[in-house]
Amino acid sequence: DVSDEFFEVTREDIYRTMASQNRRAHQAEEQKVLKTRAWRKKESEARALQRPKYSRILIRIRFPDGTILQGTFRPWETVLDVKRFVQAALLTPSLPFHLYTSPPPTHLTPPTRTLEECNLAP
């Protein structure tokens, strides 16, 4: 049995609900604004400046059989460097394969892009 006090709305419940609604309303307003490509690029660059810079990136590659290959890379290394790392670990290095992130699946192309450009750096 639950007492009737359990169903009474407290002041904290009201504050919590109002704060949650305000957050959702603010997020909805931000999503309504149409932004130009230049504006989005400027915001992206501003976020990149605020992020801490790391000197190493840990990348894990999961194979279809569930095996995980893990390597440490520098942010300025390229997708091609990661691909070579994976090829060196394969029994048959000549087998074709694709590198992608998930979710959502995003193919890492072209191979000349840096890992930081692919948003793989935290």
Side-chain angles (χ1 to χ4, degrees):
D1 258 344
V2 178
S3 69
D4 290 337
E5 291 177 4
F6 177 77
F7 296 103
E8 290 180 11
V9 179
T10 64
R11 178 177 276 167
E12 290 81 23
D13 292 336
I14 294 171
Y15 287 142
R16 212 175 304 125
T17 303
M18 289 177 64
S20 174
Q21 288 175 343
N22 287 341
R23 262 193 315 274
R24 276 191 244 128
H26 182 68
Q27 289 172 348
E29 277 298 316
E30 283 183 353
Q31 290 176 352
K32 284 183 185 178
V33 177
L34 295 176
K35 299 177 183 177
T36 63
R37 181 177 292 137
W39 190 2
R40 285 192 306 267
K41 183 178 179 181
K42 187 175 180 180
E43 284 181 343
S44 173
E45 289 171 353
R47 278 193 305 270
L49 289 175
Q50 292 174 351
R51 284 190 308 200
K53 298 292 181 186
Y54 292 92
S55 61
R56 294 202 167 114
I57 302 171
L58 180 72
I59 294 185
R60 291 186 179 131
I61 293 94
R62 184 184 312 264
F63 292 99
D65 67 352
T67 304
I68 296 176
L69 175 65
Q70 180 173 301
T72 306
F73 299 89
R74 301 286 186 172
W76 54 84
E77 291 187 75
T78 64
V79 172
L80 184 60
D81 294 326
V82 176
K83 201 165 187 171
R84 288 181 182 145
F85 173 74
V86 173
Q87 281 177 329
L90 294 175
L91 293 174
T92 312
S94 61
L95 285 176
F97 62 91
H98 301 285
L99 294 175
Y100 63 91
T101 63
S102 75
T106 306
H107 286 276
L108 298 177
T109 54
T112 55
R113 285 178 64 193
T114 66
L115 300 179
E116 192 168 27
E117 290 171 343
C118 294
N119 294 323
L120 295 177

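Owing to the predicted nature of the structure, the values given are computational and were not obtained by experimental measurement.
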Polar side-chain atom of R74 near backbone of S55 as donor-acceptor pair, under 3.5 Å: yes
Any L95 side-chain heavy atom under 4.5 Å of F97 side chain: no
Candidate pair L99 and V82, rule side-chain contact (heavy atoms from CB on, under 4.5 Å), full reasoning: CA-CA 9 Å; L99 294 175; V82 176; 3.8 Å; yes
Reported OG1-to-CZ distance for the pair T78 and R84, which is rounded to 0.5 angstrom: 7.0 Å
Gap separating the CZ atom of R60 from the CD1 atom of I68, nearest 0.5 angstrom: 7.0 Å
Positive for side chain to side chain contact (heavy atoms under 4.5 Å, CB included) with L120, one of L108, T114, V79: L108
Path from L58 to L69 over hydrophobic side-chain contacts below 4.5 Å: no
Distance in Å, N22 CG paired with R24 CZ, rounded so as to fall on 0.5 Å steps: 10.0 Å
Verdict with supporting geometry, T10 and Y15, side-chain contact (heavy atoms from CB on, under 4.5 Å): CA-CA 9 Å; T10 64; Y15 287 142; over 6 Å; no
Pairwise side-chain contact, K83 with P111, heavy-atom cut-off 4.5 Å (strictly under): no
Closest non-hydrogen atom pair, Q87 against P93: O-CB, 3.6 Å
Nearest heavy-atom neighbours spanning Y54 and P75: O-CG, 3.2 Å
Atom CG of D4: over 12 foreign heavy atoms under 6.0 Å: no
Donor-acceptor contact present, side-chain T67 to main-chain F63, <3.5 Å: no
Point-to-point distance, once rounded to the nearest 0.5 Å, from CE of M18 to CZ of R16: 13.5 Å
Note, H26 side chain near R23 side chain (heavy atom, < 4.5 Å): no
Distance (rounded to the nearest 0.5 Å) between Y100 OH and T106 OG1: 10.5 Å
Pairwise side-chain contact, F85 with T72, heavy-atom cut-off 4.5 Å (strictly under): no
Rounded distance [0.5 Å steps], CZ in R62 versus OG in S102: 8.5 Å
Main-chain N/O of E117 paired with R113 side-chain donor or acceptor, under 3.5 Å: yes
